[in-house]
There are 2 protein chains.
Amino acid sequence: MINQKLPRYVQVYARLKKQIESHSYKVGEFLPPEPELEKIFHVSRTTVRKAVEMLSQEGLVYIQQGRGTEVLNVTPTQKLQYVTSFSETLKEQGFQVHYRDIEAVLIPSPIDVAEMLQIQPGKPVVRLDRVAIVHDKPLALLTNYLLEDMVPNFVNTIKKMKSLYEFLESEYNLVFDSANDFITAKPAPKDESSILGVPDGYPLLQVRRISFIKTRPVEFVLLRIIGNKYEYFVHTKERPPKL
Amino acid sequence: MINQKLPRYVQVYARLKKQIESHSYKVGEFLPPEPELEKIFHVSRTTVRKAVEMLSQEGLVYIQQGRGTEVLNVTPTQKLQYVTSFSETLKEQGFQVHYRDIEAVLIPSPIDVAEMLQIQPGKPVVRLDRVAIVHDKPLALLTNYLLEDMVPNFVNTIKKMKSLYEFLESEYNLVFDSANDFITAKPAPKDESSILGVPDGYPLLQVRRISFIKTRPVEFVLLRIIGNKYEYFVHTKERPPKL
DNA sequence: AAGTGGTCTAGACCACGAA
DNA sequence: TCGTGGTCTAGACCACTTA
């Protein structure tokens with residue numbers, strides 16, 4: 001076993017997940033009842049329940065009191081409720097992305113960016129501009145602002161990079177814990193439309209993202225995607241209990 | 001107590017939430033440690049932890065091993081990670097919405113709708129069209145498709161209705177458990193632009209929603225919102241463990 | 001070293017769904 | 001009625017943060 005140090009409930013979760021994805025447990029069937037799972041994995045009820053709960057959170061199973069835990073069909077778009085980068089999302093959907101016209105500069109933070117990142121205006125940030133290319137055509141413009149002290153010497157090291165988030169993790173050991181996205185539609189201004197190769201005023205899907213490490217905002221992203229070429233997927237869950 | 005029948009962890013959750021929202025526990029402060037909470041509420045550790053976990057899921061607190069559980073600042077936009085209707089979302093943000101040109105018809109399901117709802121094409125569905133009005137101006141077009149057998153006699157009963165979801169709950173005892181949204185930007189076609197009062201081809205934020213009860217799709221919604229007049233908010237969380 | 005949250009157990013009883 | 005998942009307890013030990 002590679003993951004000897006992982007908590008038991010994670011191990012149970014992983015093994016169940018593998019069996020679901022390999023169709024050892026087929027869609028529409030039920031998982032073994034919890035007392036069975038206790039015996040199978042030699043763990044307590046609590047541990048079993050936490051593992052199954054994780055599967056449920058991911059949308060892999062549907063738990064019903066009195067009936068059992070049903071295996072659901074996993075659509076590939078279903079997994080995107082976690083913090084992922086634009087390029088990872090596209091890769092999931094089978095598109096090869098690369099970036100052109102990459103440019104990184106160290107600048108004093110503009111007011112709006114400073115506000116988003118909850119820092120003093122003028123505090124240095126790295127601004128990274130890129131054009132996302134899919135099938136040899138521009139799909140989107142990306143502008144990232146990163147706190148300079150989180151990514152020292154960033155500007156000189158980024159020349160080739162497939163995914164920013166993978167780069168940040170490998171080079172700086174930075175992983176975002178959560179993110180807030182604000183999505184809207186807007187007409188493409190002249191400079192953006194010319195780069196993207198669409199008519200002036202063409203609809204763009206604009207995403208403003210603030211990324212957090214613990215509770216601290218460390219990145220602000222402005223994404224402008226050609227409308228009708230990309231869909232943003234969101235899964236929403238049941239409400240919290242009414243009181 | 002009104003909620004005598006609720007599980008204890010929900011009661012603990014509710015009381016903690018109330019204290020956070022009334023600033024009895026201030027932003028940046030820490031909740032009492034879990035052993036303290038056990039004593040305060042006279043419950044076991046498990047129960048305390050489940051309650052705190054719920055607060056964390058809602059983004060009200062940030063739990064840190066070895067440090068404590070920190071109270072976070074709650075922005076009003078932060079609560080929208082649950083299934084809500086368009087009008088409820090707008091109301092949260094302080095906008096008064098009402099609907100005009102409400103029209104409901106019983107029709108055989110078109111192919112694309114049938115596909116979304118996983119039913120036979122032609123199976124009867126209720127189609128509901130509305131124009132959402134804010135500040136006396138059109139903001140969005142809404143088209144809902146509902147399985148006919150879920151909402152018998154719907155067409156004759158909807159004349160006045162503030163929120164469809166509230167209506168469905170009170171009249172038919174229908175509450176959606178989850179929903180999938182697909183968001184994109186598209187140019188307004190002629191018929192839609194004239195109703196919305198925007199130029200032909202103006203950017204619209206389009207949301208396609210499939211709503212579920214248990215695992216069964218029961219509603220398909222097509223939302224077309226005037227770009228730049230509305231922001232769709234999404235909070236994404238940490239990833240599941242790497243295996 | 002002390003105190004926090006994280007994991008885990010064994011066992012009990014309750015609530016719901018199907019037969 | 002029986003078997004399922006849901007709630008809850010008391011207690012133990014581990015892992016992390018801070019001092």
Side-chain angles (χ1 to χ4, degrees), chain A residues 1 3-16 25 28-57 60-72 173 175 177 213-216 238 240-241 243, chain B residues 1 3-16 25 28-57 60-72 173 175 177 213-216 238 240-241 243:
Chain A
M1 268 276 212
N3 303 317
Q4 210 66 314
K5 299 267 310 260
L6 290 173
R8 294 196 195 183
Y9 68 85
V10 175
Q11 295 180 37
V12 172
Y13 153 81
R15 289 179 59 181
L16 287 173
Y25 295 124
E29 288 179 3
F30 286 77
L31 292 186
E34 291 174 0
E36 287 294 323
L37 293 174
E38 291 185 58
K39 288 171 200 158
I40 294 173
F41 294 108
H42 303 290
V43 294
S44 72
R45 181 89 188 280
T46 316
T47 305
V48 164
R49 284 182 60 74
K50 187 135 187 179
V52 175
E53 175 61 28
M54 289 176 73
L55 295 171
S56 169
Q57 280 291 90
L60 271 65
V61 299
Y62 182 66
I63 305 171
Q64 296 165 81
Q65 179 172 146
R67 280 221 324 144
T69 299
E70 189 179 349
V71 177
L72 298 180
N173 201 31
V175 180
D177 291 321
I213 293 179
K214 294 179 190 271
T215 65
R216 182 182 173 199
E238 68 208 305
L243 306 173
Chain B
M1 266 279 213
N3 303 316
Q4 209 67 312
K5 298 267 310 263
L6 289 174
R8 294 198 195 182
Y9 68 85
V10 175
Q11 296 180 35
V12 172
Y13 153 81
R15 290 179 59 183
L16 287 172
Y25 295 124
E29 288 180 3
F30 286 77
L31 292 186
E34 291 174 0
E36 287 294 323
L37 293 174
E38 291 187 57
K39 286 173 202 160
I40 294 173
F41 295 107
H42 303 290
V43 295
S44 73
R45 181 90 187 279
T46 315
T47 304
V48 164
R49 283 182 60 74
K50 187 136 187 179
V52 174
E53 174 61 28
M54 290 175 75
L55 295 172
S56 169
Q57 281 290 91
L60 271 62
V61 299
Y62 181 66
I63 305 171
Q64 297 165 80
Q65 178 170 153
R67 283 225 316 147
T69 299
E70 189 179 348
V71 176
L72 299 180
N173 200 29
V175 180
D177 291 322
I213 292 180
K214 295 176 189 271
T215 65
R216 182 181 174 202
E238 69 208 304
L243 306 171

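The basis for the numbers below is simple: all heavy atoms, side chains too, and nothing from hydrogens, waters or symmetry mates. Residue numbers start from 1 in every chain, and the chains themselves are labelled A, B, ... in the order their sequence lines are given, proteins ahead of strands. Values in this document were obtained by computation on a predicted structure and should not be read as measured data.
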Euclidean distance, B/Ile63 CD1 relative to B/Glu53 CD, rounded to 0.5 Å
5.5 Å
Residues at least two apart in sequence or cross-chain that pass side chain to side chain contact (heavy atoms under 4.5 Å, CB included) with A/Thr46, listed by chain then number, are A/Ser44
Separation between CG (B/Leu31) and CG (B/Leu55), nearest 0.5 Å, reads 7.0 Å
Walk along nucleotides 14-19 of chain D from 5' to 3' and tag each nucleotide B, S or - by protein heavy-atom contact under 4.0 Å, base first, then sugar-phosphate.
-BBBS-
So what does B/Val43 touch, heavy atoms closer than 4.0 Å: a base, only the sugar-phosphate, or nothing?
sugar-phosphate
Let me know, please, whether B/Glu36 or A/Val48 comes out on the 5' side of the other along DNA chain C by nearest nucleotide.
B/Glu36
Could you tell me which non-hydrogen atom of A/Val61 sits nearest to which non-hydrogen atom of A/Val52, and how far apart they are?
CG2-O, 4.1 Å
In whole angstrom, give the distance that lies between atom CG of A/Leu55 and atom P of D/dG5.
13 Å
Nearest-nucleotide comparison on DNA chain D, the residue closer to the 5′ end among A/Thr46 and A/Glu34:
A/Glu34
Pairs under 3.5 angstrom only: tabulate donor-acceptor contacts from the side chains of residues 32-43 of chain B to other protein residues two or more places apart or in another chain.
from	atom 1	to	atom 2	distance (Å)
B/Glu34	OE1	B/Arg45	NE	2.8
B/Glu34	OE1	B/Arg45	NH2	2.9
B/Glu34	OE1	B/Arg49	NH1	3.3
B/Glu34	OE2	B/Arg49	NH1	3.2
B/His42	ND1	B/Lys39	O	3.4

Start and end of the DNA chain C segment that chain B contacts, any atom under 4.0 Å from a heavy atom:
C/dG3 to C/dT7
Rounded distance [0.5 Å steps], OH in B/Tyr9 versus CE in B/Met54:
6.0 Å
Quick one: side chain to side chain donor-acceptor pair (under 3.5 Å) partners of B/Gln64, sequence neighbours excluded?
B/Arg67, B/Glu70
Using a heavy-atom cut-off of 4.0 Å across all strands, would you classify A/Phe30 as base, sugar-phosphate, or nothing?
nothing
Rounded to the nearest 0.5 Å, how far does OH of A/Tyr25 lie from CG of A/Leu60?
13.5 Å
Quantified as the angle between the terminal helix axes (five pairs each), what is the overall bend of the helix from C/dA1-D/dT18 to C/dA18-D/dT1 to 10 degrees?
20°
Which part of the nucleic acid does A/Arg45 contact within heavy-atom distance under 4.0 Å: base, sugar-phosphate only, or nothing?
base
Treating A/Gln11 as the side-chain partner and A/Leu6 as the backbone partner, does any N or O pair qualify as donor plus acceptor under 3.5 Å?
yes
State which residues pass side chain to side chain contact (heavy atoms under 4.5 Å, CB included) with A/Gln65; sequence neighbours excluded, sorted by chain then number.
none
Whole angstrom is fine here: how far is it from CZ in A/Arg49 over to P in D/dT4?
14 Å
